[in-house]
Amino acid sequence: MTLRVYNTLTGEKEIFVPLLPGKVGMYVCGVTVYDYCHIGHARAGVVFDIIFRYLKFAGYDVTYVRNYTDIDDKIINRANQEGTDYRTIADRYIQAFDEDMNRLGLAKPTVEPKATDHIAGIIGIIEALIAKGHAYVSDGDVYYAVETFPHYLKLSGRNLEEMQAGARVEVGDKKRHPMDFALWKGSKPGEPWWQSPWGNGRPGWHIECSAMSMEFLGKTFDIHGGGKDLVFPHHENEIAQSEGANGCKFVRYWLHNGFVNINAEKMSKSLGNFFTIREVLKKYDSETLRLFILSAHYRSPIDFSDQNLEEAQSGLERIYSCLSALDDILNGQSLSAEIAVIENPSQVGLELQEKIDQCLPRFVEAMDDDFNSALALGVLFEMVRAANRFLAETKEYTSLSLSMIAHVRHLFVETGSILGLFAVLPSVWLEKIKSAKADRVDISPEEIERLIVERTESRVAKNFKRGDEIRDLLLAKGILLFDSPQATTWKVK
RNA sequence: GGCGCGUUAUCCAAGAGGCUAGGAGCCGGUCUGCAAAACCGUUAACGUCGGUUCGAAUCCGACACGCGCCUCCA
């Protein structure tokens, strides 16, 4: 397997070769903890979660660092609004972040450092930058002099002159150049502060990521990720800081995920068109949200809408229904060695065997191509189709067919562990969806059960008219009935 | 204004010079008292105009439309 990744720095897909064979260092920008996370954060979390999982699956020893930026103007503003201190705000939203990511089923990163635990490292880098002439002190603040770094803006492919042309950059009177950015901010009265060679103050945005990545991954490491909106200025500034201070390459592969849109427009706090993760998870199951996110390539924009989430749910239901049927057979059948010493696999059996053989290679091929989860899911849906067909046409399960079914089931466990899907017992997941839908319907399960009993009695008495009336009545309330020889079951449309 | 990205059937969405993507849906069929689920079958696509090529959704150019970054943002 040869992994190829799209590198923002070069604008091309490149063969992934880690710095040290068998090891990967990966840093992903987490969040500034001043509010609840929205679906955009969920996407970034899920995308880098599957990248982390896939790298491990590919045999790498991955060190995955995802930070909390727990000191920042926004946090301070929020604290002032609520009349409390910055720590209270930061801790509250760190906890909320952890809850949200946990519910989304994200694997824990190797390290989750906080900016405020790395003030010494931050100060060290700033000192190095001043010593090398990349930074200057100005009235208690320290600024990075962007003109001293020749590669500035190499990631976003711009140049300083163009940036200034139509720019809305305010020239701070403390700055030498309008594009210079703060490394250290002197604290105003009432603001949190740490001691530094330049007086009491706090770090600027950007520097904490340089410090924490260097602490855990070294001066040069393999992968740095984040949302597209971080390319400029955040990641551009990180490069300037780290490469300016260390004099060596900072990051080998830059990966950026696309936005979540609402009606084709970017979801963002400033536009006010965002949904928090916890809001969405009230309505949709977390694996549904995951499937929705993974059904598009991570670099493309995705449009968040009820219709798209419901389609994702239907798709996931299709998979879980199949898995549930597989489980029923595997749990219900005991292997009888006597059956079929010689088996002639049927046509559907041969098809299924072919899909089984191709499943993992095709899945891996898709993921190797810049983590093409949408294509990988397509492979799994083909597996579902082949398995359903096999189940529908197989009357007696021989040891061969049972082992094929077990193999299919295992493939979903294996690929699911990479995508973070199918982690729930199928019967439990299906039941959960059913009851969640039932909550939205204007009729109680007890009432439904009562009507089903009445309908069954009518049908036994060949009173199909009454039976159909009841079915239509329930259908009008969004309840579908399924008759089988054993019993009548129901689900919400 | 600068830089960049996108436009695939009813909708969502992969693919990227000749090889069935996939999902949701529509319409037939099997099953069923009639249905549903499941399965089978069928349908349909590459924004517009040029160019390169034996062959173009795919490469090149122009145009149109949409979006993003250039200000805090995942």
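Order of the sequence lines sets the chain letters (A, B, ...), proteins ahead of strands, with each chain counted from 1.
Every side-chain hydrogen bond (donor to acceptor under 3.5 Å, both in side chains) that T276(A) has, sequence neighbours left out, goes to E279(A).
Searching all strands for a Watson-Crick or G-U wobble partner of A9(B) with both distances below 3.5 Å returns nothing. In this entry U52(B) has no Watson-Crick or G-U wobble partner, no candidate having both defining distances under 3.5 Å. Using Watson-Crick or G-U wobble geometry with both donor-acceptor distances under 3.5 Å, C63(B) finds its partner in G47(B). Using Watson-Crick or G-U wobble geometry with both donor-acceptor distances under 3.5 Å, U20(B) finds no partner in any strand shown. Shown here, C69(B) forms a base pair with G2(B); the pair counts as Watson-Crick or G-U wobble because both key distances fall under 3.5 Å. Across the strands present, G25(B) finds no partner; the criterion is a Watson-Crick or G-U wobble pair with both atom distances under 3.5 angstrom.
When T116(A), D73(A), I122(A) are each tested for a side chain to side chain contact (heavy atoms under 4.5 Å, CB included) with R202(A), only one passes: D73(A).
Each of H206(A) and N308(A) has a nearest nucleotide on RNA chain B; the 5'-most of these lies closest to N308(A). Nearer to the 5' terminus of RNA chain B, by closest-nucleotide assignment, is the contact made by S300(A) (compared with the other of S300(A) and A392(A)).
The residue H38(A) sits close to a base: some heavy atom pair falls under 4.0 Å. Among the protein residues, G40(A) comes within range of the nucleic acid bases, having at least one heavy atom under 4.0 Å from a base atom. Using a 4.0 Å heavy-atom criterion, one finds that V47(A) contacts no nucleic acid atom at all.
G22(B) and G28(B): their C1' atoms are spaced 23 Å apart (whole Å). Nucleotides U58(B) and A62(B), compared at atom P, are 16 Å apart to the nearest Å. Comparing the P positions of C27(B) and U32(B) gives an interatomic distance of 22 Å, to the nearest angstrom. With both ends at atom C1', the span from G23(B) to A44(B) equals 16 Å, rounded to whole Å. G61(B) and C67(B): their C1' atoms are spaced 23 Å apart (whole Å). Distance noted for atom P between U48(B) and A57(B): 11 Å (whole Å). Comparing the P positions of G55(B) and G51(B) gives an interatomic distance of 12 Å, to the nearest angstrom. Distance check on atom C1': C59(B) versus G18(B) gives 15 Å, rounded to whole Å.
By the neighbour-count criterion of 12 heavy atoms within 6.0 Å, atom CG of L271(A) is densely surrounded, having more than that number from other residues, nucleotides or ligands.
For the pair K269(A) and F274(A), the cation-pi criterion (under 6.0 Å, within 45° of the ring axis) is fulfilled. A cation-pi arrangement is found for R299(A) relative to Y6(A), the charged atom lying closer than 6.0 Å to the ring centre and inside a 45° cone about the ring normal.
With a glycosidic angle no more than 90° from 0, A57(B) adopts the syn conformation.
Distances shorter than 4.0 Å separate some side-chain N or O of N388(A) from OP1 or OP2 on C39(B). For N159(A), no side-chain nitrogen or oxygen approaches OP1 or OP2 of C3(B) to under 4.0 Å.
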Would you tabulate the pairs of protein nitrogen or oxygen atoms and nucleotide nitrogen or oxygen atoms of nucleotides 67-69 of chain B closer than 3.5 angstrom?
residue	atom	partner	partner atom	Å
G68(B)	OP1	K266(A)	N	3.4
C69(B)	OP1	K266(A)	NZ	2.7
C69(B)	O2'	R158(A)	NH2	2.7
C69(B)	O2	R158(A)	NH1	3.3

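Rounded to an integer number of Å, the gap from L380(A) CG to A13(B) P is 19 Å. A straight line from CZ of R299(A) to C1' of G4(B) spans 13 Å, rounded to a whole angstrom. I50(A) has its CD1 atom 20 Å from the P atom of A74(B), to the nearest Å. One atom, CG of L326(A), and another, P of C39(B), lie 12 Å apart when rounded to the nearest Å.
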How does protein reach along nucleotides 20-34 of chain B, written 5' to 3' as B (base within reach of a heavy atom under 4.0 Å), S (only sugar-phosphate), or - (no contact)? -BSBS--------BB
